[in-house]
Every structure is written in C-alpha cells, then in structure tokens.
Amino acid sequence: MSELDIQRDQRLAKIDSLREKGINPYPNDFRPSIGIPEVLDRYKDFADEKGSSERLSVAGRLVAKRGHGKTCFAHLLGDGARLQIYSSRDRLGDEEYALFNGLDIGDIIGVEGPIFRTRTGELTIMVERFFLLAKSLRPLPEKWHGLKDIETRYRQRYLDLFTNPESRQVFLLRSRIIKQIREFFNLMGFIEVETPMMQAIPGGAAARPFKTYHNALDQEFYLRIAPELYLKRLIVGGLDRVYELNRNFRNEGLSVDHNPEFTMLEFYMAYADYKELMRLTERLFCELAEKIKGVFTWEYQGNRIDFTPPWKCLTIHQAILENSGVKEKDLDDMDMLRKRLSEEGVPLTGKEGHGKLLLKIFESLIEPKLIQPTFIIDFPKEVSPLARSKDTQPDIVERFELYVAGKEIANAFSELNDPVDQRKRFIEQVEDSEEMEGVVKRVDEDYIQALEYGLPPTAGEGIGIDRLVMIFADCPSIREVILFPQLREISNP
RNA sequence: GGGCCGUUAGCUCAAUGGUAGAGCAAGUGACUCUUAAUCACUAGGUUGUAGGUUCGAGUCCUACACGGCUCACCA
C-alpha cells in the first residue's frame, strides 16, 4: 500500500468516525460574514491582544497547522489570502478541541470568534466555534516549495492555483485584462456578439481546422479557425460596431506561442479604415497598460517593452531592408528571395508567388527581432485575400500586423467589400491552396451573397488575447496563461 | 514528426555500476502565543513502462509512454 493510499484511508476512516458522531463532513449551512482578504484589510491597524468585541465567521482551506499540546495555531487560505487562527482547549473544551486537532491540512473549514493580534504581531482569529465544511482526502503539495512539476501544474491546475500565488495572479490579471477590453469596446458603442463555433466552411484564416459531425443534420462541421466572415455578415446586417471575444481552434502544432484552442478578440467597425484601427490599437493597449499595470513600460522575459505611443511603423519592405541584409534590388527578385530562404532552411513548395516569398522572408528573418511594439504595413495582396487593396497600389493591401516581443499580437485591415473581387480571390485561393488533409476547400458563396447586398466600408482587427496576457504577465509560455492547456491524454495500458 | 533534456515516497529533492536517502506532509508521544514551530520515535519505494548488458542497474544500452525546450508544420 502506497503512502498516498495510507493517508487516504486514514482520512476516510475519520469521515466514518465523524458520521458516527452525527457530524456531516460535507455540510452546506455555514455562511462566512467576511472574506479573508477583507478581514486582513479591515483589521490591519487593529492592535488589541485581548481580542475584538465583535465575532467574525470566516471560511477557507486549512493550509498549515502547528499544534502545541493544549493550543494550536493554523492558517486558513481563502481568496488567495492567509489568515491565522488560534484554538485552545480552554476555549473549545476537551471534545471540540480533540475534533479540531483531528482536522487535516487541506480540509475546508469555517471558524467563528473574535479577532486579536498575537504577541508576534499577527492578526488572528480566536476560534470559539468551528465547522468542517469539506473533508480533504489527499495530502497537499509541499508547503514551502509548492507544486513545481510543470506537467502536474497544468494537469491539476487547481493545485497550482491554491499552492502557487504567482499562478493565481496570472489568471486574475488575465481576467482583469479581458474585463477592461470589454469595457473599452462597450464604451465606444461596440456590441458584443457570438457567432458559430461550428462552421460548414472554415473561413477567415488559412489554418487547418478540426472536424466534427452533427448526427441529426447528418453533416460535417469544422470548428472555427476565425469568426471573421460571420462578423462581417453582421456589419452587412447593420450592426456597425461588433466584437467577439472567444475561442478559435486551429489543428496545428503546439508551441510556447500556440495552443490548439486560443482566445481571440475580433472587432469590426463600419466607416473606418486600417489607419484608424492603428490609432485605436495604441489607445487600447495604453489604456490596458495604465489600468492594469499602472505603467507603459515593463520587462518581458528580459526585454524592456515600451508601449508609449506612437509606436514604430514600418512597411514590410522597410522592415526587411532594416533587419535582414537583403538588398533593395533583391526585394523584387524572386530567385534571390528563394535563394535566401533556402539558406535559412525555410522549406518551399516552388509554387510561392512574390508576395508569399516576401512574407516568408519577413516571418523567418524579421518577426523575432521586433521586440518593441511595431506596426508592419503594406502587405502583399497575394497573402491577404480578405483585405482591401490600396487605391494607389493594387498589389498592396490596407493592412497592418502588430508585433511585440517577436510575437504577432494583432492583424487588421480595411475589409474587402467588393463582392466580385472577393469571389475572384476566393477562387484563386481554392485553386492555389495545397490540399489539406480532410478539408474541403470551397468558396463561401453565402458570404459572397452577403457582400452582394453591400458591406459598408469597414475595418476589422483580430488580437490574440493569450499572447497579450503573456506579455502583460511576463510569461514565457502560452500554457502559463491558459488555465487548462492542451496536453496529451495520459494513456492507461 | 526530428533533436536534446527530464521522469526516484503524496510534494520538493539527494544517491562513483555495489545495502535507495533527506526535508515537508502522515502516524504515535511531549509541549497553552506559534508561524518553514520545536523535540523524540514510527511508517511510507515494482526508482515512468518493457526488455537487455553485468556477479550486481536508480545509474549503462534499446524500445515505448508522458512532459519540457527546440526545429519542422503554421496567413
């Protein structure tokens, strides 16, 4: 019998013995009068060693216990804060005090009593009554080192959350960021919408989708890779400012920057163009920085990132010339670009057009070097099938991507609203695209039809929320900002 | 999918190819202001799995599983 089984059996035996005494080990009739962080705040200047006149009732997880014979100190963890409690045989009497000593670290309990400050200065509740609220059967991770094993932290996130305060902080930060983003867009008159996660034609991006099946409809669906085409249908429908903050699914490799399901903010604004979205994006990030961090600049993984506007803005050509050693005359020379890419070890199919080659050069040579917030503009039309062309340069589109810390954080453009042009580009896309395993490539005629009714001139943007949170929380991996990152299922042979 | 690294008690970690160990957690006892409480004693292991080499394997070799990093894939 393993150590774990022994401890579980001991605690199961305790449950039996409690039940014999008529004590329910899992009651739900205790109501705390105050949360633990509030106790610490309200009584932070309280200095009485004798105790308060008012009695508090608080609840939390027992995380430390120090018995001294006829007295016992312990700590309760609630809402991420720790509060000391003190029980003594004098106060509780023999029977109750024995029950208190029978509590295990990990148990959820409620206590009632006055508050006082110990000789060593710690705010403490004098336990007059206590209640077991949920018996814990398993030993907790080590009290000093916490839970270190990365795999266990992801698989049993609940343990990570209550043992490692830094981890808890990351997810509180994530929640505040998302709340602030919603507030930002709500105040600007955007409405939040929800569009299908299950799509017959996965559009709005070029990624491999997950496939699923609906029994009653007898039809295959794809989990969405982007909400884009549905959101623009809503703009056609007269919802002039919409945003959706929700999950996308892409059936691709996993990495520190990629999780198969990830959270994306997409928003669309009628009667605006990509230049306006650049200004809006700066404002959004500055507001987030100010409200969440209180500063515009902080360290991310050893690099100081400065969000003070205006941010750097480079055309994709400028970025390549500035950072790669590629000569200006070579930018239009497809053979030279190919040569350089093979030198970099980038695999090519041979079918890439000029725009695709440029983009690959940019992604392999430039992207990792863009540490400070940088807008990249003037993307080739060839790699932007949903973006509006520039009136002056039809091969270039009105589009920007935002890079921070070498990561793509946002992608935006003035939307293509010419249905004839859009159909042409969809057809080219279908013809040119490599056959992806199990994915039926076809033109989204329903979307074209919507465009034919008239899409107002519109600008739209997608922001990767997980990556944004990584930068705000200084996390090296996307798994640190996703509560339950995708891991392989443990197989039991 | 490739390469490198890792996997030892519930947790955090040790252990030249030679008897698997510590701290925390657990159990028993002592202790009425402790706080990584202290002190004494006790129990807890198929060293990720399966093979192999060896007189002898946690340690060396092979395969597999899971994870981390990285490369590839990736609008």
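Just so we're on the same page: letters track the sequence lines, and every chain starts at 1.
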As a test of reading the structure: which of [options] is closest to the side chain of [X], going by heavy atoms?
X      : options             : answer
A:D90  : B:U32, B:A25, B:A75 : B:U32
A:L147 : B:A25, B:G27, B:C11 : B:C11
A:Q7   : B:C69, B:A26, B:U32 : B:A26
A:V256 : B:U70, B:U32, B:A75 : B:U70
A:L487 : B:A26, B:G10, B:G67 : B:G67

Quiz item: Between A:R488 and A:G67, which has a closest nucleotide on RNA chain B that is more 5'?
Solution: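 Comparing both residues, the 5'-ward one is A:G67.
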Exercise. Would you kindly compare A:K356 and A:F73 by the position of their nearest RNA chain B nucleotide and give the one closer to the 5′ end?
Key: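 Going by which nucleotide is closer to the 5' end, it is A:F73.
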Just checking [X]: base, sugar-phosphate only, or nothing, at a heavy-atom cut-off of under 4.0 Å?
X      : answer
A:R82  : nothing
A:D149 : sugar-phosphate
A:E142 : base
A:F116 : base
A:Y154 : sugar-phosphate

Exercise. Can you run through RNA chain B from 5' to 3' and write each base as (, ), [, ], | or . depending on how it pairs? Watson-Crick or G-U wobble, both distances under 3.5 Å.
Key: (((((((..((((....[..)))).(((((.......))))).....(((((..]....))))))))))))....
Aromatic [Y] / basic [X] pairing, under 6.0 angstrom, 45° off normal:
X      : Y      : value
A:R89  : A:Y97  : no
A:R423 : A:F426 : no
A:R61  : A:F162 : yes

Can you tell me if [X] touches the phosphate of [N], counting only side-chain N or O atoms and a distance under 4.0 Å to OP1 or OP2?
X      : N     : answer
A:R155 : B:G67 : yes
A:R117 : B:C33 : no
A:K14  : B:G27 : yes

Considering only atom [atom1], compute the distance from [N] to [M] and round it to an integer number of Å.
N     : M     : atom1 : value
B:G48 : B:C13 : P     : 15 Å
B:A22 : B:G44 : P     : 13 Å
B:C4  : B:U16 : C1'   : 25 Å
B:G21 : B:A15 : P     : 14 Å
B:A14 : B:C66 : P     : 25 Å

[X] side chain to [Y] side chain, donor-acceptor N/O pair below 3.5 angstrom:
X      : Y      : answer
A:E461 : A:T281 : yes
A:Q301 : A:D474 : yes
A:Q84  : A:R66  : yes

Quiz item: Taking CG from A:L140 and P from B:A25, how many angstroms apart are they, rounded to a whole number?
Solution: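 It is 11 Å, rounded to the nearest whole Å.
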Exercise. Return the value, rounded to whole Å, for the distance between atom CD of A:E408 and atom C1' of B:C74.
Key: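 It is 11 Å, rounded to the nearest whole Å.
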Quiz item: Is the shortest distance from a Lys or Arg side-chain nitrogen in A:K356 or A:E363 to a carboxylate oxygen in the other one below 4.0 Å?
Solution: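 A salt bridge is absent here (no side-chain N lies under 4.0 Å from a carboxylate O).
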Quiz item: Under 6.0 Å between the ring centres of A:F400 and A:F375?
Solution: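 Judged by ring-centre distance (under 6.0 Å), A:F400 and A:F375 do meet the cut-off.
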Quiz item: Parallel under 30°, tilted from 30 to 60°, perpendicular over 60°: which one fits the rings of A:F130 and A:F100?
Solution: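 Aromatic pair A:F130/A:F100 classed perpendicular.
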Practice problem: Look at the aromatic rings of A:F210 and A:F249 and report parallel, tilted or perpendicular, splitting at 30° and 60°. | Solution: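 Perpendicular, since the angle between the ring planes exceeds 60°.
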Quiz item: Considering only heavy atoms and no angle criterion, is a donor-acceptor pair shorter than 3.5 Å present between the side chain of A:E122 and the base of B:U34?
Solution: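 By the distance-only test, no, there is no pair.
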Self-check item: Heavy-atom donor-acceptor pair, A:T118 side-chain to B:U34 base, under 3.5 Å
Solution: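 Looking at the base of B:U34, it does pair with a donor or acceptor on the side chain of A:T118 (distance under 3.5 Å).
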N/O to N/O distances under 3.5 Å, protein versus nucleotides 3-9 of chain B:
none

Quiz item: Of the non-hydrogen atoms in A:G113 and A:I125, which two are nearest, and what is the gap between them?
Solution: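 Between these two residues, the closest heavy atoms are O-CG2, 4.0 Å.
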